[in-house]
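The next block holds one structure in the form of structure tokens; read it before the comments.
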Amino acid sequence: MSEPDPLQLQELLALTDTSLTELDVDDLLGQLLTRIRTIVDADTAAVLLRDPDSNLLVARAARGLEEEVREGVRIPIGRGFAGTIAATKKPVILDRVDTTTVANPILWETGIRTMLGVPLLSDDEVVGVLHVGRFVARRFTDDDLALMELAAQHVSTAVATRRLAIEAAAAKVMERSLQPSRLPSVPHLEFAARYVPSERRAIGGDWYDAFVLPDKRLWVVTGDVAGHGLHAALVMGRVKSALRAYTLVADDPARVLELTDRKVHFFEVGMMITVVAATATPPYDTFRVASAGHLPPLVAGAGRPAEFVTLPVGPPLGVEPESDRSAADVALPSEAVLLLYTDGLVERRLVPLQDRLEQLRRAVTADDPENLCHTVMHRLVDADIDDDVAVLAIRRTA
Amino acid sequence: MTDFRISVADEGGPSTLRVSGEVDLAVADELRQVGLSCIESDDVGLRVDLGDVTFIDSTGLGALVQLRSAARDKSKLLQLVNLPDEVTRMLQLTGLTGTFETA
């Protein structure tokens, strides 16, 4: 294999180094392809990137072959020209383009006669394929191959770097959209909440929710998706949303949990989610509460010790979709508080759960909800937490 | 660091998986994988011995739930045995007592 022209290489390198921070992936790829087409004297150039979820190669940029991108070409790994390059991680030079050598009809329909393709690799993993073609039957040479392999290295690096930056930015946007919503404003009720995801992340699998429907029915919810981090948070977002939807069709929390359970069972396979949901209508003096594997809420009347709400506990969502669930009523007298929380607040490795629950119970009094949240977090939370914590306090003032 | 150990002993079916130490996020995946392959390869099913478990959290329980689903799908047995008090309490508090066959 002879040495590639140093001038051509320099041209190539110049583009990728300076443009890295300014262009997004598609612009960068487009510019790169324009140059590659000139350098190897080709009529067409295209980049396909591997979609990890579907394991298909998706056409992302093309010059002289824009149809590939416009028509959303997707090639299974292992099929046809690009698919074979991706599967074998080896370049291919084709001196004949027809139905027997390529899978994508666009290639022969546009009149391409010869092709050269190379894999795009990052840490020995295939991230895509780069290929060029000619409308005349002139075969690509080993020199062309050497240039393409060099170009491929730069394309792979550029794609990987930009992807990381884009993903990080996208994650931030997603995080903000999954964070807890504002607490409602309801006459004669006060609300306060705390939300502390584990590992100092922005979001986790725990959530709280409090909302009032048009008929003035109030719902308060806390939930916990097993696991942490972004994946748990995404599942949390879907479950929180599904539960809200079901409150529009059912007034009983047991029924709402049953409906949400079936949705989780079929569409969030393998996930386990605990939830406690409570609802009341004006004057909000009686709450109907149901629990799916979730620790019981606490209620404290003015000047009285707090008590755990007595309620039957069904399995977490995602375990037994045919469960019949039941709810219990709890009175909320004037000046009393109701506290919902997730197990991250109380569960500690070396301390029996019963002791921690008792510690929590002693910390709860019929106080202003903000003060109550402060007290509870201060007494129960320490450096030793490795789980998300969510707390929601409601006090009735009338 | 957890001191979690899985050992598989075929004492005339079903297989027994002895779990000890802390069963949490760091360990749940391994528990699930080993458990699933036991369920796959044993004609009768799997018995999970939790006698030496010191701590189990929602991810640990989640792994057990998945083993139960897998066993159910294949019409095989999944049984939890030698449950320490803390684990029994956890199952009660999370409404999972009716979910597992125990002994």
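Below, chains carry the letters A, B, ... as their sequence lines are ordered, and counting in each starts from 1.
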Atom CD of A:Gln359: over 12 foreign heavy atoms under 6.0 Å:
yes
Would you say B:Phe55 and A:Glu347 make side-chain contact, with heavy atoms under 4.5 Å?
yes
CG of B:Asp73: more than 12 outside heavy atoms within 6.0 angstrom?
yes
Answer yes when B:Glu86 and A:Arg349 have at least one side-chain N-carboxylate O distance shorter than 4.0 Å, and no when they do not.
no
Under 4.5 Å from a heavy atom of chain A, the part of B:Leu91 involved
neither
For B:Asp57, is it the side chain, the backbone, both or neither that has a heavy atom under 4.5 Å from a heavy atom of chain A?
both
Begin from the C-alpha positions of A:Val313 and B:Leu93 and carry the test side-chain contact (heavy atoms from CB on, under 4.5 Å) through to its verdict.
CA-CA 7 Å; A:Val313 181; B:Leu93 285 170; over 6 Å; no
More than 12 foreign heavy atoms under 6.0 Å from CZ of A:Arg244: is that the case here?
yes
Quick one: side chain to side chain contact (heavy atoms under 4.5 Å, CB included) partners of A:Thr274, sequence neighbours excluded?
A:Asp224, A:His294, A:Pro316
Side chain / backbone / both / neither for B:Arg68 at chain A, heavy atoms under 4.5 Å
side chain
Do B:Arg89 and A:Leu353 touch side chain to side chain, with heavy atoms closer than 4.5 Å?
no
Just jot down the side chain to side chain donor-acceptor pair (under 3.5 Å) partners of A:Arg325, sequence neighbours excluded, or say none.
A:Asp261
When only pairs under 4.5 Å are counted, which of B:Leu96, B:Thr99, B:Thr94 shares the most heavy-atom pairs with chain A?
B:Thr94
Using a cut-off of under 4.5 Å for heavy-atom pairs, which of A:Ala292, A:Ala226, A:Ser291 has the most such pairs with chain B?
A:Ala226
